[in-house]
Amino acid sequence: MIEDITFLHSNWITYISIGAIVVWLVFVCKEWSHFGKTKFWINLTVALFAIMSIAVIALKPAIPILGKNTKVAVLTNGYNTKQLDSLKKVHKRIQTFPYKENQPIFENIHTSDTVFVLGNGVAPFDFWQLENHKVHYVNSDKPSGVVRFQYDHKRIVGERLLFHGLYNNPTRGNRLILEGPGGNPLDSIVLTSDTVVSFQVSAELKAIGNYVFSLVEKDSLGKKLSSDPIPVKVTNQKRFKILIENSFPTFETKYLKNYLAEMGHEVLVKSRITRGKYKFEYFNTDRIPIGALSEKNLQPFDLVILDATSAKNVGERARTALENALRKDGLGLFIQPDDDFFGSSKGIAAFDFGREKSTETSLINSPKNRIGKYPFLFKDQFQLQAVHKNDKGDIVSAYKHLGKGKVSTTVLESTYELLLNGKTTEYQQLWSEIISSIGKKESAEVSWDEHSILTTKDQQYEFTLRTSIPEPEVTTDEGYRIALRSDIDISNLWTGTTYPKKLGWNSISIAQDTTAVLDYFVTDTTTWESKSRYDNIQRNRRHFNRSSITNPKQFSPLAPINPIGFYIFFLMCMGYLWLVSKLGRE
């Protein structure tokens, strides 16, 4: 018990000790005339106790509210009562506290031992309240409903919107329906009784604009159970001027050039037939022959596609011209791989690969469609930017920056087989994402990095912009200015945070350039509930597993000891000294 006592005014100990010693020495001087007598020593001892008692009162002694072996359970939304009952059986004196966001978790009571978090978990902005505690997050059951989804929120008119998701614990016979902005059904699937169902719905995008599609769940009788928004921004297709150069004709190029032409790109194909002889094909462009690669010949093009043999055998002068066009003009370069490419890539086409046995894979946004691949995978490096990942999260197509331009390649093989198998949409999306990722971009004074356009009302929405404007001013569509934070290393990179109040489409813009607008969609907490709960469960698991402290700092609030006893003891000592002095005079 004594070792648990501490002082609330411990920072005053030095000063109070000095004062107490001075007062006691004054009393010693006062009693010095009785030196050598028993009375002298008794009076000094009583005076010392009196001074010590008043010093203790000034320091305010306190003891921890809870004992060392106290357990606490924090009950968050969706907690399992069976898990709580099990904890109570093991820890008889466990205390429970209901959790409310942005409110003190323990109010005036904390724990010095262990905290158990049950349910969907604590909101990230309340993690700080559990610092210096040993926290165990009791795994919660995965919520029923759509717990994960993926789709490209920025699409091109004429393409298809592909929405992929995972549904946990579905009810057999229920349907998921993709509805258009007007509420008309566009696609649907019937759920099975599996524990987890992977699903995909799609729709063709026919006009540019900002739209809100909906994923609606209905039971077998047609009753609507839920409706969640899917905001999409549809823009016009940027028409690229593309040069394809092959050392020999291939099926991959045959189908790729047809797709690019159908999308309206200007395509020039140069295929070597025999030594020194080439076949030229033109799509949506004038018939102008092109010779060796040079800065002049490359200047009109936005993207160059070379097969691995052409890239390997390009001459020194052509290689220099190609590198200059990449670095200075922002040209895009895509290398079509072959078996020898992965072991001998060097120069501008150098990528690091790791060998593996698998020769097939599925993309993360299309897990049911198998695609042939070379027995290699990209090694994830700092400068590598993924374009596609497989269903295991490994990179299968990527690019790297080279000056203003980008160099890209893939480990996928014979992607045209998707077309032969009737997977036209998947083929088009695959190549659309590659082409749009690496094609030459028009230099813009302001560009927004759109990681997501879906956010929740009254919660933070973070955005990033790159601009050559020295001190940009970002304002909301209501006219409020948003504070920006400049990157310490990259002078043209800025980040900001806003807390939207209005549901639906919102926008922020640059005051110096009102045409530079970022549109994002705001919903409320009643939508995508299962995904929100699942995401919070995962955040709690990662945070508390990572930050769990083996020997946490013992932390417990202190309750001051009632000083009345010290006051009584002080009065008794002073009463004795007063009485002794009176009796001595008589």
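As a basis for the values below, the full set of heavy atoms in this structure was taken, side chains included, without hydrogen atoms, waters or symmetry mates. Predicted model, so just to flag it, every value in this text is computed and none were measured.
Side-chain contact between L75 and F97 is absent, with no heavy-atom pair separated by less than 4.5 Å. Proximity of E217 to L191: side-chain heavy atoms (C-beta onward) are separated by under 4.5 Å at one or more points. Within the 4.5 Å cutoff, the side chain of L225 has heavy atoms near those of the N174 side chain. Between V117 and L130, the closest side-chain pair of non-hydrogen atoms falls below 4.5 Å. Considering only heavy atoms from C-beta on, L384 comes within 4.5 Å of F351 through its side chain. Side-chain contact between H543 and Q538 is absent, with no heavy atoms from C-beta onward closer than 4.5 Å. Counting only heavy atoms from C-beta outward, the side chains of F240 and F301 never approach each other to under 4.5 Å. In this structure, the side chains of V411 and F353 come closer than 4.5 Å at one or more pairs of heavy atoms.
Proximity of a side-chain donor or acceptor of N168 to a complementary backbone N or O of K142 within less than 3.5 Å is detected. Remark: side-chain polar atoms of T409 are paired, donor with acceptor, to backbone N or O of I335 under 3.5 angstrom. Here the side chain of Y461 pairs a donor or acceptor atom with the backbone of S452 at under 3.5 angstrom. For the pair D458 (side chain) and T456 (backbone), a donor-acceptor distance under 3.5 Å is absent. Checking side-chain atoms of Q512 against main-chain N and O of E471 turns up a donor-acceptor pair under 3.5 Å. A donor-acceptor pair under 3.5 Å links the side-chain atoms of S408 to the main chain of A398, judged by distance alone. Here the side chain of Q200 pairs no donor or acceptor atom with the backbone of L162 at under 3.5 angstrom. A donor-acceptor pair is defined here as one N or O able to donate and one able to accept, closer than 3.5 Å; such a pair exists between the side chain of Q83 and the backbone of N139. Of the possible donor and acceptor atoms, none in the side chain of N390 sits under 3.5 Å from a partner among the backbone N and O of S362.
With values rounded to the nearest 0.5 angstrom, R155 atom CZ is found 12.0 Å from E204 atom CD. Here the straight-line distance linking atom OG of S226 with atom CH2 of W528 works out to 8.0 Å at 0.5 Å rounding. N184 CG to L178 CG: the interatomic distance, rounded to the nearest 0.5 Å, is 9.5 Å. Taken to the nearest 0.5 Å, the CD atom of Q150 stands 9.0 Å off from the CG atom of D152. The NZ atom of K501 lies 12.0 Å from the CG atom of N506; values are rounded to the nearest 0.5 Å. A distance of 13.0 Å separates CG of L377 from CG of D352, quoted to the nearest 0.5 Å.
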**OP:** Test Y151 against L161 for side chain to side chain contact (heavy atoms under 4.5 Å, CB included), laying out the working first.
**Re:** CA-CA 8 Å; Y151 75 103; L161 166 66; 3.8 Å; yes
**OP:** Could you walk me through whether Y399 and S437 pass side chain to side chain contact (heavy atoms under 4.5 Å, CB included), step by step?
**Re:** CA-CA 8 Å; Y399 66 85; S437 296; 4.2 Å; yes
**OP:** Please test L430 against T415 for side chain to side chain contact (heavy atoms under 4.5 Å, CB included), starting from the C-alpha separation and ending with a verdict.
**Re:** CA-CA 9 Å; L430 172 70; T415 62; 3.7 Å; yes
Original post:
Step by step, would you call R160 with S202 a side chain to side chain donor-acceptor pair (under 3.5 Å)?
Top reply: CA-CA 6 Å; R160 295 188 69 83; S202 65; 3.1 Å; yes
**OP:** Please step through side chain to side chain contact (heavy atoms under 4.5 Å, CB included) for the pair V146 and L166, ending with a clear verdict.
**Re:** CA-CA 6 Å; V146 180; L166 286 178; over 6 Å; no
Subject >> F199 vs Y167, ring pair (Phe, Tyr, Trp, His ring centres under 6.0 Å): CA-CA, chis, key distance, verdict >> reply: CA-CA 8 Å; F199 68 90; Y167 195 108; 7.1 Å; no
Subject >> Audit row: R148, D535, salt bridge (charged side-chain N to carboxylate O under 4.0 Å, His left out) steps and yes/no >> reply: CA-CA 9 Å; R148 289 177 60 189; D535 289 344; over 6 Å; no
**OP:** Applying salt bridge (charged side-chain N to carboxylate O under 4.0 Å, His left out), run through D519 and K233 and close with a yes or a no.
**Re:** CA-CA 9 Å; D519 296 315; K233 294 197 291 188; 5.1 Å; no
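The nearest pair of heavy atoms linking W448 to L518 is CD2-CB, 3.6 Å. Heavy atoms only, all atoms of each residue included: S486 and S491 are closest at OG-O, 4.0 Å. Heavy-atom minimum distance, I230 versus S214: CD1-C, 4.2 Å. When all heavy atoms are compared, the tightest approach of L260 to I305 is CD1-CD1, 4.5 Å.
Between the side chains of S436 and S432, no donor-acceptor pair of N or O atoms lies under 3.5 Å. No side-chain donor from either of T467 and W494 sits under 3.5 Å from a side-chain acceptor of the other. For the residue pair T475 and R481, no side-chain donor N or O sits within less than 3.5 Å of a side-chain acceptor on the partner. In the model, D126 has a side-chain atom that pairs as donor or acceptor with a side-chain atom of Y99 under 3.5 Å. Using modelled atom types and a 3.5 Å distance limit, the side chains of Q460 and E462 yield a donor-acceptor pair. Side chains of N120 and N77: no donor on one and acceptor on the other come within 3.5 Å.
The number of heavy-atom neighbours closer than 6.0 Å to CD1 of I490, taken from other residues, nucleotides and ligands shown, is above 12. Within a 6.0 Å radius of OH in Y480, other residues, nucleotides and ligands contribute 12 heavy atoms or fewer. Counting non-hydrogen atoms of other residues, nucleotides and ligands closer than 6.0 Å to CZ of R175 gives a total of 12 or fewer. More than 12 heavy atoms of other residues, nucleotides or ligands shown are found within 6.0 angstrom of NZ on K241. Atom CD of E478 is surrounded by more than 12 heavy atoms from other residues, nucleotides or ligands within 6.0 Å. Residue W12 qualifies as open at atom CH2: its count of foreign heavy atoms under 6.0 Å is 12 or below. Heavy atoms of other residues, nucleotides or ligands lying less than 6.0 angstrom from NZ of K404 number 12 at most. Counting heavy-atom neighbours within 6.0 Å of F213 CZ, excluding the residue itself, gives a total above 12.
Aromatic pair F116/Y137: ring centres not closer than 6.0 Å. For Y520 and W505, the ring centers are positioned 6.0 Å apart or more.
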Show every donor-acceptor pair shorter than 3.5 Å between a side-chain atom in residues 323-334 and any protein atom, with sequence neighbours excluded, or say none if there are none.
unit_1 : atom_1 : unit_2 : atom_2 : d
N324   : ND2    : E295   : OE2    : 2.8
N324   : ND2    : T320   : O      : 3.3

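The one candidate from T96, L87, V74 that meets the side-chain contact (heavy atoms from CB on, under 4.5 Å) condition with L118 is L87.
The existence of a salt bridge linking K531 and D228 is excluded, since no basic side-chain nitrogen approaches an acidic carboxylate oxygen closer than 4.0 Å.
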